[in-house]
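Here the structure comes first, spelled out in structure tokens, and everything after it is commentary.
Keep in mind that what you see is a predicted model, and the values were worked out from it rather than measured. Chain letters run A, B, ... following the sequence lines, proteins first, then strands; residues in each count from 1.
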Amino acid sequence: MEQKAGYEKPDQEKEFVKEITPRSVDFSQWYIDVVLKAKMMDYAPIKGFMAIRPSGYALWEKIQEQMDRRFKETGHQNAYFPLFIPHELLEKEAEHVEGFSPEVAWVTKGGDEILSEPLVVRPTSEAIICDFYSRWVQSWRDLPVLINQWCNVVRWEKSTRPFLRTSEFLWQEGHTCHRTEEEAEEEALKMLEVYRECIETELAIPAVVGRKTEREKFAGALRTYTVEALMSDGRGLQAGTSHNLGQHFAKVFDITFLDKDDQLKHVWQTSWGVSTRLIGALIMVHGDDRGLIIPPRLATFQAVIVPILTKKDRKRVLESVQELADQLQGNIRVKLDDREEYSPGWKFNDWEMRGVPLRIEIGPKDLDRGQVVLVRRDSGEKFFVPREELPTLLPGLLDQIQDDMLKKALEFREANTRSGSDYAEFKQIMEEKRGFYMASWCGDAACEEKVKDDTKATIRCILFDQQPADENCLVCDKKAKEVVYFARAY
RNA sequence: CGGGGCGUAGCGCAGUUUGGCAGCGCACUUGGUUUGGGACCAAGGGGUCGCCGGUUCAAAUCCGGCCGCCCCGACCA
């Protein structure tokens, strides 16, 4: 039996929804159960594809809204580029095509006609966008180009998991052109920080930033930066990436401009993206054995009001909750669940499974006492509060929940981030406890490869501005150059 | 691509060994009673047993072929 990291003690109450496999039994099955039972997605009749259902898509819309706002604030504009890419364009950048060709989907026919020039469905849009940029950029006055697109991409994956790796997924890809290398580097790092901050603030996920190794970097990039998060089973997940593309694409796609000094130069480019994978991260960082826990800032409904209806008091309870719902609208995002065909207990379980941060219960007894029952989804805490205090109390409580969720995730990550210089100990930790392991590395791909063979762990990122604490490489014991995080990753 | 498992109602499964009326739980529909942690009673609806072929009086069940899905590995922004 494989041991897994970081499970909570089983809840004493044992009131869990039966359909969800406990995390301690089988984390993968737990994840699948949650995404299905919370109606986040459904499997498509094609392997590796899925429908994102309204409650999953609502999360994506919130993520988009928050990311998009930050992109605009940093000077970017949205645009849209074609779904199909002529194969010859994709082929131009050698490393790029080599990286993606195993997973591209092809279009070889249009109607009844066999296409003379086959098309590929975009696995990412560098090629087609660079083709446009070569015409749009002429002068230093055209720079910088700061464009983002929200779209779908297709990568023919061999093994897939809902939200984490599907053959089609939704994402955004920023594509920028700059006059100088410094400016491109600054952009790549700026957007990396936008990702980190947004993921931390909105998704309540603490993320580590760093640089990818040669082995892990984007096909065709000069350097790849990454935002890495730790899931509650101790595995790492790449939550976003930002690339300094250098002039690789500019040279093959001929994106040139006449600079102030009258010299014809190639632009320096970046690209950066986050995808619907973030939804998977959200589930795996915050979820528990009852299902999802959505941070208040991203929740479609921040609180759900469940009336307790009895035959005698039905009418006055219904009137009262309606009044409360009206009163709270505009203050917080609230949902009144006044369906009479479901029992309160059923609703409690259902809304918990779907992760609504707060539940407000109101029954006859509460009406008599002028109070409501509040239940926090994240902690399970239950309290009785005077009804008139709700409008002032709720926004603060939601902020508190958001903070507590981030704090809890951060504590988990810290407790599961270890460091050391003993390779045997490292192997044991990757096998038993997992989590992040910080260590010194010589920079040699062979050591990276050996770790993978021995432990299935990979270098998630090279930390910025860190001098190796240990002088020697964790693996080969030669002089170390970098400090890296190892983890088994999704 | 390699190893293992599975395919029967919307979902989860039994039935296959030993061929003989297509079953159970949940969900769904209608009516009634209920409602403070997945309520109860009654009456209903729902099937190309993955597909194609073979054996047989008779196939979910036996035989052959094919397809698909899941898990583990390999590969993988």
Side-chain angles (χ1 to χ4, degrees), chain A residues 2 11 13-21 26-29 32-33 36-37 39 42-49 95-96 98-104 122-126 153-162 164-167 169 171 173 212 215-221 224-228 237-243 271-275 277 290-291 306-314 317-318 337-353 359-369 371-373 375 380 382 384 452-453 456 458 460 489-490:
Chain A
E2 192 171 54
D11 196 307
E13 295 169 44
K14 284 286 166 211
E15 285 165 4
F16 299 139
V17 175
K18 292 177 282 292
E19 292 95 328
I20 299 178
T21 306
D26 183 341
F27 191 86
S28 295
Q29 193 57 50
I32 300 292
D33 289 347
L36 287 173
K37 296 296 168 186
K39 296 191 164 65
D42 194 13
Y43 289 104
I46 315 143
K47 181 178 157 59
F49 288 76
E95 230 180 279
H96 190 59
E98 196 188 327
F100 283 104
S101 67
E103 47 190 27
V104 298
R122 61 180 166 218
T124 176
S125 303
E126 274 76 6
V153 289
V154 170
R155 297 177 188 178
W156 218 256
E157 298 285 353
K158 290 195 177 89
S159 65
T160 56
R161 275 161 167 285
L164 299 176
R165 173 167 277 113
T166 46
S167 290
F169 56 93
W171 76 344
E173 42 180 329
K212 283 293 187 189
R215 185 184 187 286
E216 300 269 328
K217 82 167 193 197
F218 177 73
T224 289
Y225 300 108
T226 180
V227 180
E228 297 284 326
L237 181 77
Q238 183 173 304
T241 48
S242 180
H243 318 289
S271 69
W272 26 275
V274 295
S275 71
R277 177 183 259 196
R290 294 181 186 211
V306 179
I308 312 299
L309 302 172
T310 58
K311 197 169 184 177
K312 188 162 64 95
D313 295 294
R314 178 181 168 277
V317 172
L318 277 177
D337 186 356
D338 57 0
R339 293 173 296 177
E340 296 187 45
E341 59 273 24
Y342 291 97
S343 70
W346 191 91
K347 291 178 188 173
F348 296 168
N349 284 305
D350 193 49
W351 290 112
E352 279 173 5
M353 201 153 66
R359 180 172 76 240
I360 304 171
E361 297 171 30
I362 300 185
K365 287 183 241 169
D366 304 308
L367 279 191
D368 295 340
R369 294 172 198 158
Q371 68 177 21
V372 303
V373 180
V375 182
K382 189 170 188 169
F384 301 89
K452 195 177 180 200
D453 291 343
K456 293 182 198 149
T458 48
R460 300 320 302 152
Y490 276 98

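- One interatomic measurement links the two molecules: CD1 of Ile360(A) to P of G37(B), which rounds to 18 Å at whole-angstrom precision.
- Nearest heavy-atom pair, Val274(A) versus Trp171(A), reported as atom, atom and distance to 0.1 Å: O-CB, 3.1 Å.
- A residue-by-residue look at Lys37(A) and Glu361(A) shows that Lys37(A) has its nearest nucleotide of RNA chain B further toward the 5' end.
- Every ring-ring contact (aromatic ring centres under 6.0 Å, His included) that Tyr342(A) has, sequence neighbours left out, goes to Trp346(A).
- Of the candidate nucleotides U35(B), C70(B), C75(B), U35(B) has the atom nearest to the side chain of Glu340(A).
- Checking U35(B), G37(B), C76(B) against the side-chain heavy atoms of Lys452(A) singles out C76(B) as nearest.
- In this structure, the nucleotide among C76(B), U35(B), G38(B) sitting nearest to the side chain of Pro344(A) is U35(B).
- Spacing of P atoms, A22(B) relative to C66(B), comes out at 30 Å, to the nearest Å.
- Remark: Phe384(A) engages no residue in a ring-ring contact (aromatic ring centres under 6.0 Å, His included) (not counting sequence neighbours).
- Atom P of nucleotide C76(B) and atom CD of Glu157(A) are separated by 11 Å, given to the nearest angstrom.
- The side chain of Thr241(A) has A77(B) as its nearest neighbour among G37(B), A77(B), C76(B).
- Separation of the C1' atoms belonging to G20(B) and U16(B) is 14 Å when rounded to the nearest angstrom.
- Residues Lys347(A) and Val306(A) come closest through the heavy atom pair CD-CG1, 3.9 Å.
- Between Ser343(A) and the phosphate of A39(B), there is a side-chain N or O to OP1/OP2 separation shorter than 4.0 Å.
- Within 4.0 Å (heavy atoms only), Glu352(A) reaches at least one base atom of the nucleic acid.
- To the nearest whole angstrom, the two C1' atoms, one in G38(B) and one in G19(B), are 42 Å apart.
- Atom-to-atom distance recorded for Arg460(A):CZ and Glu216(A):CD is 5.0 Å, nearest 0.5 angstrom.
- C49(B) and A9(B) have their P atoms separated by 9 Å, given to the nearest Å.
- Distance, Tyr43(A) OH to G10(B) P: 19 Å, rounded to whole Å.
- The shortest heavy-atom contact between Ala489(A) and Thr458(A) is CB-OG1, 4.4 Å.
- For Pro364(A), counting side-chain heavy atoms from C-beta on, the closest listed nucleotide (A77(B), G38(B), G36(B)) is G36(B).
- When each of A39(B), C76(B), G36(B) is scored by its nearest atom to the side-chain atoms of Ile308(A), the top-ranked nucleotide is G36(B).
- In this structure, CG of Leu318(A) is placed 15 Å from P of G36(B), rounded to the nearest angstrom.
- Checked against G36(B), C28(B), G37(B), the side chain of Tyr342(A) finds its nearest nucleotide in C28(B).
- Residue-level contact check: Ser159(A) touches the bases, meaning some heavy atom is under 4.0 Å from a base atom.
- In this structure, the CD1 atom of Ile32(A) is 12 Å from the P atom of G12(B), given to the nearest Å.
- If you check every strand for non-hydrogen atoms under 4.0 Å, Phe348(A) touches a base.
- Taking the C1' atoms as reference points, G65(B) lies 32 Å from G46(B), given to the whole Å.
- The CG atom of Asn349(A) lies 12.5 Å from the NZ atom of Lys37(A); values are rounded to the nearest 0.5 Å.
- Each of Phe384(A) and Phe218(A) has a nearest nucleotide on RNA chain B; the 5'-most of these lies closest to Phe384(A).
- Taking the centre and axis of the six-membered ring of Phe348(A), the NZ or CZ atom of Arg359(A) falls inside the cone set by 45° and 6.0 Å.
- Between Asp337(A) and Trp351(A) the shortest side-chain heavy-atom distance falls below 4.5 Å.
- Pair check for A58(B) finds none; no Watson-Crick or G-U wobble contact set falls under 3.5 Å.
- Base pairing analysis places G19(B) opposite nothing; no Watson-Crick or G-U wobble pair with both distances below 3.5 Å involves it.
- Applying the Watson-Crick and G-U wobble criteria (two distances, each under 3.5 Å), C28(B) pairs with G44(B).
- When distances are taken from the side chain of Arg359(A) to each of G36(B), G37(B), G38(B), the shortest belongs to G37(B).
- Nucleotides C21(B) and U61(B) are separated by 15 Å at their C1' atoms, to the nearest Å.
- Counting any heavy atom pair closer than 4.0 Å across all strands shown, Val373(A) reaches a base atom.
- Within the nucleic acid shown, Thr124(A) has no heavy atom closer than 4.0 Å to any nucleic acid atom.
- Base pairing of A39(B): its partner is U33(B), meeting the Watson-Crick or G-U wobble criterion (both donor-acceptor distances under 3.5 Å).
- Look at CZ on Arg215(A): it is 6 Å from P on C76(B), rounded to the nearest Å.
- For Arg155(A), the side-chain atoms get nearest to A77(B) when compared with the rest of G36(B), G37(B), A77(B).
- Using Watson-Crick or G-U wobble geometry with both donor-acceptor distances under 3.5 Å, C6(B) finds its partner in G68(B).
- Atom CG of Asp33(A) and atom C1' of C70(B) are 13 Å apart (whole Å).
- Nearest to the side chain of Arg277(A), among A77(B), G36(B), G37(B), sits A77(B).
- If you take atom C1' in G15(B) and the same atom in C62(B), they sit 16 Å apart, rounded to whole Å.
- Taken from CG in Asp26(A) to CD1 in Ile32(A), the straight-line distance is 9.5 Å, to the nearest 0.5 Å.
- Ion pairing between a basic and an acidic side chain is recognised when a charged N comes within 4.0 Å of a carboxylate O; Glu173(A) and Arg122(A) show no such pairing.
- Base pairing of A74(B): no nucleotide in any strand meets the Watson-Crick or G-U wobble criterion (both distances under 3.5 Å).
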What's touching nucleotides 30-33 of chain B from the protein side, N or O pairs under 3.5 Å?
none

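- We find that CZ of Arg339(A) is positioned 12 Å from C1' of G38(B), with the value rounded to whole Å.
- Between the P atoms of A58(B) and C13(B), the separation comes to 33 Å (whole Å).
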